[in-house]
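Remarks on the structure that follows.
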Amino acid sequence: KAGVTQTPRYLIKTRGQQVTLSCSPISGHRSVSWYQQTPGQGLQFLFEYFSETQRNKGNFPGRFSGRQFSNSRSEMNVSTLELGDSALYLCASSRLDGGLSTEAFFGQGTRLTVV
Amino acid sequence: KQEVTQIPAALSVPEGENLVLNCSFTDSAIYNLQWFRQDPGKGLTSLLLIQSSQREQTSGRLNASLDKSSGRSTLYIAASQPGDSATYLCAVKVLTGGGNKLTFGTGTQLKVEL
């Protein structure tokens with residue numbers, strides 16, 4: 001059974017550019033969440049998608065956005081990149097049980113470096 | 001606001017030792033609690049999931065307990081091995097609005113020495 005797949009694994013971007021990260025969840029999992037991990041702030045929740053709808057959003061600026069497709073694959077976009085956006089971006093997928101997501105499985109992450 | 005704390009921040013033990021990692025959370029209204037390990041530069045590997053109605057879960061040499069009323073969980077690792085060296089994270093799942101999210105602790109960095 002394939003795990004959560006994130007692409008690309010590494011990215012280097014320049015300040016002001018935008019970037020799109022992709023996440024393919026485990027087959028049958030319809031809930032996808034995104035997290036940002038930095039040495040200073042640890043792991044912070046970005047947003048959660050289910051059935052192509054954003055159900056929940058963390059405390060991040062509007063430059064961070066996402067979407068989910070009908071096959072449950074998800075993308076997140078960061079516009080006007082800042083140096084502080086350099087981080088490991090992690091995607092997690094879960095199946096739902098009574099509308100609530102169960103065990104979360106994470107991908108290997110995308111390491112974004114903004115220069 | 002839910003806050004999750006892990007103590008100690010770092011731990012170094014000799015191989016073969018049994019050890020306990022601690023996790024505490026401020027709001028007992030959680031849906032479940034999950035323990036993960038993270039190797040440097042890698043993603044998170046799920047170790048154990050404890051539902052809010054459960055007291056403990058076991059997988060091999062790992063045992064996790066949950067005391068929701070006191071806001072505490074422990075991860076017990078028996079007979080530690082060098083391959084157990086990693087950062088261990090606990091996360092609580094809380095219900096927010098129409099969805100849910102994981103709130104993570106800052107982790108315990110474990111080193112098991114030969």
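Not measured: the values here are computed from a predicted model. Just so it is clear: chains get the letters A, B, ... in the order the sequence lines come, proteins before strands, and each one is counted from 1.
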Exercise. Pick from B/T103, B/L89, B/L49: which one has the most heavy-atom pairs with chain A under 4.5 Å?
Worked result: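 Winner by heavy-atom pair count: B/L49.
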For this session: Identify which part of B/Q51 has an atom lying under 4.5 Å from any heavy atom of chain A, answering side chain, backbone, both or neither.
Result: neither
Exercise. B/Y31 side chain to B/S52 main-chain N or O, any donor-acceptor pair under 3.5 Å?
Worked result: no
Part of [X] lying under 4.5 Å from any heavy atom of chain B:
| X | result |
| --- | --- |
| A/Q6 | neither |
| A/L43 | both |
| A/F47 | neither |

Problem set entry | Most contacts with chain B, counted as non-hydrogen pairs under 4.5 angstrom, among A/Y35, A/F105, A/F50 | A/Y35
Problem set entry | When A/Q37, A/R111, A/Q41 are compared by non-hydrogen pairs under 4.5 Å with chain B, the top option | A/Q37
Exercise. Can you pull the disulfide (SG to SG under 2.5 Å) pairs that have at least one residue in residues 14-63 of chain B, sequence neighbours excluded?
Worked result: B/C23-B/C90
For this session: Would you kindly say whether B/Q38 and B/T45 are connected by a side-chain donor-acceptor distance under 3.5 Å?
Result: no
Exercise. Does a side chain donor of either A/S94 or A/T102 reach within less than 3.5 Å of an acceptor in the other side chain?
Worked result: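 Absent: no donor and acceptor within the cut-off.
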Problem set entry | Those residues that, when tested against A/S70, pass side-chain contact (heavy atoms from CB on, under 4.5 Å) (two or more places apart) |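 For A/S70, the residues satisfying side-chain contact (heavy atoms from CB on, under 4.5 Å) (neighbours in sequence not counted) are A/E52.
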Exercise. Are A/L90 and A/I26 in one and the same hydrophobic cluster, where Ile, Leu, Val, Met, Phe, Trp and Tyr link if side-chain heavy atoms are under 4.5 Å apart?
Worked result: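 Different clusters: A/L90 never reaches A/I26 through Ile, Leu, Val, Met, Phe, Trp or Tyr contacts under 4.5 Å.
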